[in-house]
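Reviewing the structure listed below.
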Amino acid sequence: MQGLEVRGLRKSFGGLTVAQEIDFDLPPGARKALIGPNGAGKTTFANLVTGKLKPSGGSIRFDGSDIGSLGESERVKRGIAKTFQITTLFRTMTVRENIRLPILERQGRGGRMFGGAAADRATEAEIDALLDQFALLPLADKPIHLLAYGQQRLVELALTLALRPRVLILDEPAAGVPSSESHLILQAIERLPAELAVLIIEHDMDLVFRIARSIVVLVNGRILTEGTPDEISRDPMVRQLYLGEAHV
Amino acid sequence: MSVQEIPLTTIRTRIRGVPLMPEAVMLALAVIAYFLFPYDLALLTRIMVMMLFVLSLDLVLGYAGIATLGHAALYGTGAYAAGLFAVHVSADPVTGLVVGAAAGAALALVSGLLLMRAHGLTLLMLSIAVTLICQEIANKARDLTGGADGLRGIRMEPVLGLFKFDFVGRTGFWYALAVLCVCYAVLKVVTLSPIGLSVRGIKDSAARMVAIGSPVYRRLVTIYTIGGAVAGVAGALAAQVTQLVSLEVYAFNLSAEALIMLILGGAGRLHGAIIGTLIFMVVHHIAASVDPFNWLFIIGALVLGIVFFVPAGMLGIPAALRNLTGRNGDARP
Amino acid sequence: MNNLVRAALAAAMATLCAGACWADTIKVGVIAEFSGPFAIYGKQYKEAIETYVAQHGSQSGGHDIEFIYKDVGGANPDLAKTLAQELLIRDRVNYLAGLTFTPNALALAPLIEQSETPTVIFNAATSAINKQSPYFLRTSYTLWQVSTPLADWAYDQGIHTVVTAVSDYGPGIDAENAFKAAFEKKGGKVIDTIRMPLATTDFTPFIQRVRSQAPNGVFAFLPGGPPTFGFTKSYNENGLAKEGIRFLGTAETEESNLQALGDAAIGLTTAFHYSEAHDSDVNAAFTKKLGELSAGAVANWASVGAYDGTHLIYKMVEAAGADGPKAIEAVKSLKWESPRGPVEMDPKTRTLIQNVYIRDVERDKDSGRLVNREKGVIATVGDLGWTD
Amino acid sequence: MSLILNIAVDGIAYGMILFMISIGLSVTMGLMRVINLAHGAFALLGGAAAHALIARAGLSFMAAALLAIMATMAIAFLLERLVYRRIYGLGELQQVLATIGITFIFIALVNRLLGSSLLAIPLPDFLQQSVDLGFRVLPAHRLAVILAGAVVIAGLYLTIERSRFGTRLRAAVDNRSIASALGINIDAVFAATFCLGAGLAALGGILGAELLPIDAYYPLRYMVLFLIVVSVGGMGSITGSFMAALALGILETASRYLIPDFGTIVFFAAVMAVLAIRPRGLLGKA
């Protein structure tokens with residue numbers, strides 16, 4: 001099967017179980033959201049998928065082959081990419097350099113010791129195109145730390161897309177972004193390539209309901225239910241457990 | 001993208017995009033210094049050897065963010081390798097440098113496999129431990145290294161068979177300057193290359209580098225090995241110029257002073273390493289001649305001064321001044 | 001470009017020669033430690049030189065003599081060589097002096113060979129240094145020079161079994177070899193040779209090992225300062241003296257750190273060439289003047305090495321001015337009365353032939369200070385470690 | 001058998017001395033998260049002051065030690081106000097540099113005032129005796145150090161782990177803004193902790209002087225030793241430092257008894273092995 005396929009995934013730290021028997025699919029083109037109360041294990045799940053954490057049991061398959069034993073960077077090479085909950089960029093570099101790095105890695109040139117990093121014309125053109133897509137081109141040669149936070153989130157998104165991933169995990173993409181800038185994030189996500197499989201972990205329900213075509217509810221490391229936004233918003237259990245809590 | 005296109009654009013970018021101005025100025029100053037201070041060629045040569053050493057630390061620490069207090073291990077191993085090579089195999093200086101580079105790189109590779117897994121205090125301690133072990137091995141292998149008496153009997157042949165090492169140190173000066181320029185050029189290429197960008201990325205955020213699929217550990221080992229080669233060349237150069245290698249090539253002080261020089265100039269930029277070394281060595285030299293008993297006061301004050309007033313090093317002074325006068329172009333509106 | 005270089009060189013060489021040929025001030029470059037862990041040595045040298053100058057004036061043979069001090073900070077041959085080049089080329093010194101550590105001295109050999117500069121070593125005690133250049137003269141001692149007589153003397157005193165405990169580095173191993181060779185030649189038995197890492201701070205394990213073998217004596221060699229302090233403390237605390245294991249040492253009870261050892265040092269036996277308490281007029285005059293010039297100054301091997309070295313330089317200047325080879329020739333068999341006793345330069349090894357005294361540490365009744373009380377001369381020897 | 005006993009006795013005694021001389025560092029560096037290479041400088045200050053008070057002013061050991069520790073704490077207090085509080089927020093390397101600079105200045109100062117020879121701190125008579133353990137003798141001084149070490153670790157445990165002060169300190173280190181919002185006077189907590197660390201450094205310098213004698217160069221000579229104890233023990237852990245000191249003391253003593261020729265290499269190889277396996281030290285917090 002194409003895309004991501006998780007079966008019976010388990011993870012425990014000592015006696016504490018943070019993920020149990022999770023079955024989860026993310027086919028190409030999917031727009032799924034993962035929601036749940038704090039401490040439900042959403043970030044843990046994302047880390048299990050990206051390889052930052054090793055699962056205690058279960059399988060993770062991608063395009064039919066088992067990736068459960070691969071390291072984090074190998075999974076990125078296969079096409080699984082993730083944005084961070086807290087903006088994590090190369091702060092001493094310019095916007096352009098931030099985008100150049102993932103492209104070099106994708107091309108397998110990241111370890112070359114000669115030939116300028118900025119020497120390849122096609123790469124530079126690709127950077128320009130990508131920045132243009134996020135309306136970041138005028139800021140290309142600014143150091144990251146001079147950008148507004150919302151713009152930094154966009155750079156993070158552009159940086160991740162530069163990897164040309166096939167699965168994209170967005171960990172609270174709007175976290176910390178002032179409401180005046182959050183529409184930028186929303187627009188950017190809406191414009192993601194159609195064939196890309198997207199998993200969004202988010203607290204902002206407006207964002208979730210506008211983007212996701214399917215929502216998975218995680219509680220205490222276990223999938224409570226899965227359904228369309230409509231189904232989820234009507235589900236009494238979810239209302240009580242999650243939405244209720246969120247709206248108190 | 002055609003294959004032939006790369007070198008062409010490389011050259012074009014290099015000329016257009018990279019300011020070679022600081023380099024040209026520094027080289028000119030070196031040549032001027034030769035004529036201005038004909039009696040101090042030995043000191044100038046020693047300064048250049050230190051510059052080479054600090055440059056290598058800049059690559060490792062300034063660019064890649066590998067906090068080490070054991071850089072002397074690489075320098076010392078290069079020095080002993082070149083010294084032993086000169087005594088037992090061949091007295092040709094250039095081959096000796098290659099041997100020093102290989103030895104420095106080999107130690108960096110082997111120790112790097114362990115060191116590059118560590119961070120912070122642990123990394124500092126591991127790097128110190130490696131240096132101390134090297135020193136003890138050199139001390140124990142007295143038959144080979146001369147132990148505490150030093151490795152003697154190094155007699156160098158003329159450089160390239162043409163230039164004999166002379167009493168005043170003219171050959172030493174030009175030889176060291178040439179080696180410094182070559183290594184600087186190599187480091188310049190490396191720092192501008194993808195791996196250079198890559199290790200800067202690791203310094204900024206290792207987590208992000210992993211998340212874009214970069215083999216962080218391997219990159220660090222690679223860059224540490226390159227740094228080891230350059231440090232090895234610096235050690236080899238010192239051994240050839242002094243014609244003696246002592247256990248003090250592994251001294252903790254050497255690593256610590258190199259660190260001070262680097263931060264003084266401004267880490268993460270190659271000419272920062274050059275400027276920092278120059279200022280430190282000159283201040284040290286003058287302070288030690290004026291008052292050989294109390295110059296440590298001055299060095300101590302200098303170090304504190306850098307940390308508190310110019311944390312970005314001497315290269316940060318222009319920006320600091322701009323800040324003062326309120327004309328900082330970088331400031332956020 | 002090439003012409004420019006040549007012109008500059010010619011100018012440099014001209015001034016260089018002019019300096020050497022016309023000087024009526026003879027300059028002496030002193031390369032020593034004025035900072036770092038061994039700063040005490042530089043201080044001792046400087047005080048002794050100033051004492052000599054105060055006693056004998058700043059002139060010799062009609063030449064003014066000027067001393068230039070350079071800090072080398074410890075064993076650092078790179079810096080030592082740079083400083084020597086600076087002294088020779090820019091300051092145009094005619095003599096070099098100082099040199100505490102062997103590598104520093106060795107690094108100068110090719111230089112002084114070329115510039116024909118007499119170089120007086122105040123300390124560096126490895127025999128082989130003087131072989132590297134005929135311009136080296138040494139006013140200190142070598143490890144063989146004091147260790148061998150000590151071994152002979154110990155055997156004659158009825159000490160027939162010894163454990164040697166030395167710091168594990170060049171000089172320590174030299175001392176061990178010297179002592180062992182002489183002691184076994186006499187018929188004594190070295191039952192154990194212990195080499196202690198330089199970084200040792202707690203010597204108890206080694207002292208216990210000595211103790212468990214119950215020898216008649218323990219021969220020790222450690223670098224001055226903290227290691228000696230730690231070793232003698234441990235020797236005392238663990239009651240080795242009470243069990244009849246005699247301490248046999250050389251420089252361990254030297255005067256600059258002797259008071260710091262405290263009562264633990266009383267009764268330690270050493271064989272050495274100089275004691276501050278040496279009973280002679282020359283020494284009395286020396287220590288008196290030294291005390292006058294610098295309050296609280298003590299005289300030790302470093303002081304006497306520098307004092308005699310200065311004497312040697314004065315004699316060379318008197319005989320030959322700035323002519324290096326002639327200067328060496330003039331003093332290579334020189335005899336004089338030093339604060340340490342009568343001494344004589346050995347023309348072959350260019351190291352002093354001098355008395356080796358056996359001394360015990362005692363508390364001086366008058367001053368209340370610890371002193372090395374000389375009990376007798378056990379040998380009058382040159383460098384016994386010299387091999388042709 | 002007697003060999004094992006010897007190793008145990010000497011190793012523990014030595015380990016306690018290591019603990020005493022590095023505990024101050026464990027407080028400033030481990031608890032306050034400052035890479036404080038100037039730790040030895042405070043030990044030097046304490047030791048040099050004690051030396052001056054005993055040898056030059058004729059005070060008794062106890063009085064001199066007490067005064068010296070108080071003087072060191074006073075200087076530390078001033079230094080904390082003027083210099084250290086600017087260091088807390090700096091990066092690792094800047095901290096390394098700043099504290100090396102402070103160390104240089106203290107070395108130069110002591111060298112200027114007291115010279116560079118050993119500065120002995122004569123022990124009172126009752127500490128100079130030897131105590132017979134049956135199978136061998138042990139210097140009374142070492143028993144005193146063991147006792148002092150036990151008192152210090154008990155005191156620190158109560159202060160750091162059990163008292164309100166300890167809670168505040170840990171809160172202040174973990175999150176300054178929250179701690180400050182909770183009404184904790186962060187400046188005061190840091191100043192007090194720093195003075196405590198400096199006082200312990202001085203105490204360690206004085207008590208450890210029988211093995212690590214005081215001279216102007218002391219801070220640099222033994223810097224690596226202090227750092228090793230703290231890094232092997234684990235940042236932020238008093239108990240870790242204690243265990244590390246004992247383990248390193250026993251390890252070093254054993255290597256001195258059994259394989260003296262390779263003692264140094266074995267020692268550092270063991271340190272590397274521990275740090276390679278447990279990068280945060282024996283009891284370091286993740």
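We name chains A, B, ... by the order of the sequence lines, and we start the count at 1 in each one.
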> C/Asp168 versus chain D, heavy atoms under 4.5 Å apart: side chain, backbone, both or neither?
Replying inline: side chain
>> C/Thr100 vs C/Tyr45, test: side-chain hydrogen bond (donor to acceptor under 3.5 Å, both in side chains). Steps then yes/no.
In response: CA-CA 10 Å; C/Thr100 310; C/Tyr45 295 156; 2.9 Å; yes
>> Using the rule given for side-chain contact (heavy atoms from CB on, under 4.5 Å), can you reason through D/Phe42 versus D/Leu200, listing the C-alpha separation, both sets of side-chain angles and the distance that settles it, and then say yes or no?
In response: CA-CA 9 Å; D/Phe42 292 104; D/Leu200 287 170; over 6 Å; no
>> Can you tell me which portion of D/Tyr222 sits under 4.5 Å from chain C's heavy atoms? Options are side chain, backbone, both or neither.
In response: side chain
>> If you count heavy-atom pairs within less than 4.5 Å of chain C, which of D/Pro213, D/Pro139, D/Ala120 leads?
In response: D/Pro213
>> Let's go through C/Phe122 and C/Trp301 carefully: what are the C-alpha distance in whole Å and the side-chain angles of both, what is the deciding distance for ring-ring contact (aromatic ring centres under 6.0 Å, His included) to 0.1 Å, and is it a yes or a no?
In response: CA-CA 9 Å; C/Phe122 291 170; C/Trp301 55 265; over 10 Å; no
>> Given heavy-atom pairs under 4.5 angstrom as the criterion, report whether the side chain, backbone, both or neither of C/Thr200 touches chain D.
In response: both
> What part of D/Arg256 lies closer than 4.5 angstrom to a heavy atom of chain C: side chain, backbone, both or neither?
Replying inline: both
> Think C/Lys46 forms a cation-pi with C/Phe34, using NZ or CZ under 6.0 Å from the six-ring centre and within 45 degrees of its axis?
Replying inline: no
> Counting heavy-atom pairs under 4.5 Å to chain D, which of C/Gly296, C/Ala199, C/Ala260 comes out on top?
Replying inline: C/Ala260
> When C/Asn372 is tested against each of C/Glu255, C/Glu254, C/Glu276 for side chain to side chain donor-acceptor pair (under 3.5 Å), which residue passes?
Replying inline: C/Glu255
> Heavy-atom distance under 4.5 Å to chain C: side chain of D/Pro260, backbone, both or neither?
Replying inline: both
> Looking at CZ of C/Phe221 and CG of C/Leu143, how far apart are the two atoms once the value is rounded to the nearest 0.5 Å?
Replying inline: 5.0 Å
>> For chain D, which candidate among C/Gly36, C/Gly230, C/Ser256 shows the most heavy-atom pairs at distances under 4.5 Å?
In response: C/Gly36
> Side chain, backbone, both or neither: which part of D/Leu212 has a heavy atom under 4.5 Å from chain C?
Replying inline: side chain
> Aromatic ring centroids of C/Phe101 and C/Phe38 under 6.0 Å?
Replying inline: yes
> What residue, out of C/Gly224, C/Pro226, C/Ala39, has the most heavy-atom pairs lying under 4.5 Å from chain D?
Replying inline: C/Pro226
